[in-house]
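Written out below as structure tokens is the structure these notes cover.
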Amino acid sequence: MKTIRVRFAPSPTGMLHIGGLRTALFNWLWARKNGGQFILRIEDTDRERTVKGAVENIIEALEWYGLSIDEGPIFQSERKALYTQYVDRLLGQGSAYRCFCTAERLAEVRKIHEVNNKATKYDGLCRSLSEEEVQKKVNAGEPYVVRLKVPHDGVTSFDDHIYGKVSVENSNVDDQVLLKSDGFPTYHLANVVDDHEMKISHVIRAEEWLPSTPKHILLYKAFGWDLPDFAHIPMVLGPDKAKLSKRHGAKPALEYRDAGYLAEAVINFIALLGWNPKTEQEFFSLNELIREFDLKKINKASAVFNIEKLNWMNSRYINQESSGSAEKLADRINTFFAGADGSEKYSKKEIMKILPAAASRMTTLADFEEEARYITDMSIRYDPSLLIPKKGDKGESMRALESAQALLESVAEQEFTQKHLEGAFTGLIAQEHFTNNTMLWPVRVALTKRAQSPGVFEYLEILGKEESIRRVKSALQSLQKK
RNA sequence: GCCGCCUUCGUCUAGUGGCUAGGACGUCGCCCUCUCACGGCGGAAACACGGGUCCGAUUCCCGUAGGCGGUACCA
């Protein structure tokens with residue numbers, strides 16, 4: 001069996017976004033599953049579109065999401081000599097030709113074809129240039145590109161791992177430009193040459209490449225090379241059902257990190273976009289994904305990226321971690337809020353204290369801020385009428401707060417725990433003829449300063465005796481004034 | 001325009017020549033309850049359309065429509 005070697009080959013034209021990340025993920029999974037190599041290749045043959053910092057962003061993103069790179073990054077822009085060498089070979093054997101047509105003429109040809117309801121491909125004018133004519137133009141310094149000489153008849157077909165047999169008539173395949181007039185190769189040439197040179201076994205890329213695969217196959221044939229396996233994966237669409245792209249507001253993959261999503265959750269979620277294990281399992285660790293992943297289980301239809309489900313999944317991951325390994329979650333929150341200079345916004349100790357009450361209410365790590373606010377920020381103001389439950393009245397709430405204050409004052413510091421306080425309050429409610437509602441509501445609001453919050457007993461323990469009493473007292477005062 | 005690919009609840013999807021077409025998110029209702037969240041239970045919600053083939057098609061074939069992608073000296 002041949003060695004599995006796959007590559008993720010983005011062009012550095014911007015930040016890596018979710019669609020690209022998923023392509024990388026599927027490649028990476030296939031490599032890991034088969035004990036192969038995952039190679040990063042940067043397709044930077046278009047010097048104008050290359051964006052500074054894009055490569056760094058791509059690498060940082062792959063790293064953060066846990067997709068380790070075995071080889072690379074390899075930059076196509078540094079391999080120019082290799083491509084020209086291969087172009088010369090094609091030229092020499094008559095599989096390609098020089099084309100001197102200007103951009104203006106090309107546009108004209110395209111327009112004419114379009115109005116005649118014909119495919120808008122190059123008309124092949126320069127294909128019939130004699131050697132002397134070519135030589136003369138070259139000597140005269142006329143700029144030219146090199147095009148692939150695509151056969152006029154026949155059919156090119158291939159067997160895609162996901163889409164099955166795909167066939168295109170050669171008459172519909174354009175004489176693709178292989179080498180641009182600036183001497184740089186186009187994607188098509190560089191891609192084929194590199195995949196061959198780098199011994200890529202599986203070309204796993206987005207479905208948008210399906211239509212140009214015949215061109216690539218014709219190139220492989222012209223070189224006399226063996227074909228790699230092709231697996232085109234369905235596209236990830238935005239909510240508008242259009243290809244995910246910067247234009248359509250596709251967020252860079254790392255923005256999910258910055259918004260407080262967990263790498264595992266995002267990976268889990270995007271893995272399920274176009275792939276599924278054929279079971280009803282929906283939570284997968286990276287290792288489980290490696291085990292279950294199979295090119296055969298990828299479907300053909302494109303998938304819409306639905307943030308709602310990601311949100312749900314992320315909150316589930318947070319919840320799960322808070323009960324399983326809270327320390328780890330606390331570390332994450334700690335780093336998430338840490339300043340660029342490493343300064344701490346919330347200490348781990350502080351986080352651990354708040355977390356039990358907060359976790360189930362958080363969708364992203366960023367939500368911790370809101371949970372912590374009501375504990376750390378002493379200056380929060382609220383409407384005292386909030387202290388009165390819907391069906392209650394002012395007098396009853398004041399009586400409740402007074403009783404609660406007395407109770408809290410009587411509880412020893414070391415007994416100020418959720419469990420003990422719950423018992424104590426239950427007794428108090430029965431004894432003083434309160435109900436859970438008339439007692440617990442005002443106390444909870446006194447402590448948390450908001451209508452919606454975690455439970456009273458959780459909060460009491462978090463705040464501690466002194467602060468709890470202080471808040472109950474101040475709530476009483478504000479009710480009195482009202 | 002031309003070429004290619006695709007089509008099961010709003011979204012991600014399972015599935016079979018004969019099923020009450022399954023799960024998940026979201027949504028709605030109920031329960032839990034000091035409120036919110038979590039959790040539990042339940043509901044509404046889909047086989048694009050038209051022809052075939054077949055005893056029988058959501059499933060197979062052909063069309064149509066729709067969607068998406070490609071159609072660059074971008075990738």
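In what follows, chains are A, B, ... by sequence order, proteins preceding strands, each numbered from 1.
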Would you please say whether a donor-acceptor pair under 3.5 Å links the side chains of A:Arg444 and A:Ser453? yes
Please report the distance, rounded to the nearest Å, between CD1 in A:Ile429 and C1' in B:C34. 8 Å
Under a 3.5 Å cutoff, is there a donor and acceptor pairing between the side chains of A:Asp383 and A:Ser385? yes
Quiz question: going by heavy-atom distance under 3.5 Å, is there a donor-acceptor pair between the base of B:C38 and the side chain of A:Ser360? no
Do the rings of A:Trp209 and A:Tyr187 sit parallel, tilted or perpendicular, given the 30° and 60° boundaries? parallel
Can you measure A:Lys390 atom NZ to B:U33 atom P for me and round it to whole angstrom units? 16 Å
Any donor-acceptor pair under 3.5 Å from A:His17 side chain to A:Gly19 backbone: yes
Base, sugar-phosphate, or nothing for A:Lys300, non-hydrogen atoms under 4.0 angstrom? sugar-phosphate
Could you state the atom-to-atom distance from CG of A:Leu189 to C1' of B:A75 in whole Å? 14 Å
Nearest-angstrom distance from the residue atom OH of A:Tyr317 to C1' of B:C38: 18 Å
Nearest to the A:Arg147 side chain among B:U13, B:C6, B:C73, which nucleotide is it? B:C73
Rounding to the closest angstrom, what is the interatomic distance between B:C49 and B:U8 at atom C1'? 15 Å
Look at the side chain of A:Glu208 and decide which nucleotide, out of B:G23, B:C3, B:G70, has an atom nearest to it. B:G70
Within residues 265-276 of chain A, the residues having a heavy atom closer than 4.0 Å to RNA chain B are A:Leu272, A:Leu273, A:Gly274, A:Asn276
Are A:Asn311 and A:Thr363 close enough that a side-chain donor and a side-chain acceptor fall under 3.5 Å? no
From CD of A:Glu114 across to P of B:G70 the rounded distance in Å is 16 Å
Nearest-angstrom distance, P atom, B:A48 to B:A57: 16 Å
Salt bridge check: are A:Asp194 and A:Arg7 linked by an N-O gap of less than 4.0 Å? no
Just so I know, are the side chains of A:Asn268 and A:Tyr317 near enough to count as touching, which here means a heavy-atom distance under 4.5 Å? yes
Sort me out a list of protein N/O and nucleotides 59-68 of chain B N/O pairs below 3.5 Å, or just none if empty.
none

Can you identify which nucleotide, out of B:G1, B:C34, B:U11, has its nearest atom closest to the A:Asn117 side chain? B:G1
For the C1' atoms, the ones on B:G15 and on B:U59, what distance do you get once it is rounded to whole angstrom? 9 Å
Nearest-Å distance for atom pair CG/P, residues A:Leu178 and B:C73: 11 Å
Quantified in whole Å, what is the C1' atom distance between nucleotide B:G22 and nucleotide B:A45? 14 Å
Closest to side chain of A:Ser11, choosing from B:C25, B:A75, B:U13: B:A75
Under 4.0 Å, counting only non-hydrogen atoms across every strand here, what does A:Arg47 touch: a base, just sugar-phosphate, or nothing? nothing
If we take the C1' atom in both B:A46 and B:U58, what is their distance in whole Å? 10 Å
Could A:Arg471 and A:Glu467 be called an ion pair, given the rule that one side-chain N must be under 4.0 Å from one carboxylate O? yes
Check: B:A24 base within 3.5 Å donor-acceptor of A:Lys309 side chain: yes
For A:Phe158 and B:C3, give me the distance from atom CZ to atom P, rounded to whole Å. 17 Å
Please give the distance between the C1' atoms of B:C5 and B:C19 as a whole number of Å. 31 Å
Can you check the distance between B:G40 and B:C47, where both ends of the measurement are the P atom (answer in whole Å)? 29 Å
Nearest of B:U71, B:C74, B:U35 to any side-chain atom of A:Thr120? B:U71
Whole-Å distance between B:A37 P and A:Asn311 CG? 15 Å
Pick base, sugar-phosphate or nothing for A:Tyr187, based on heavy-atom distances below 4.0 Å to the nucleic acid. base
Counter-base of B:A21, judged by Watson-Crick or G-U geometry with both distances under 3.5 Å: none
Which nucleotide in the list B:G22, B:C25, B:G15 gets nearest to the side chain of A:Lys278? B:G15
Please state the C1' separation for the pair B:C30 and B:A44 - nearest whole angstrom. 15 Å
Is the closest basic N to carboxylate O distance between A:Asp123 and A:Arg105 below 4.0 Å? yes
Quick one: which of B:G4, B:C38, B:C74 gets closest to the side chain of A:Val166? B:G4
Which nucleotide in the list B:C34, B:C73, B:C38 gets nearest to the side chain of A:Trp441? B:C34
Taking the minimum atom-to-atom distance to the side chain of A:Pro211, which one of B:G70, B:A75, B:G22 wins? B:G70
Residue A:Ala301, side-chain atoms from C-beta onward, closest of B:C2, B:C73, B:U7: B:U7
For B:G39, the Watson-Crick or wobble partner whose two distances fall under 3.5 Å: B:C31
Pair A:Asn314-A:Thr364, side-chain donor/acceptor within less than 3.5 Å: no
Mind checking if A:Arg110 touches a base, just sugar-phosphate, or nothing, with heavy atoms under 4.0 Å? sugar-phosphate
Just name whichever nucleotide pairs with B:C5, Watson-Crick or G-U, keeping both distances under 3.5 Å, else none. B:G67
State whether a side-chain donor-acceptor pair under 3.5 Å links A:Arg205 with A:Thr213. yes
NZ of A:Lys111: more than 12 outside heavy atoms within 6.0 angstrom? no
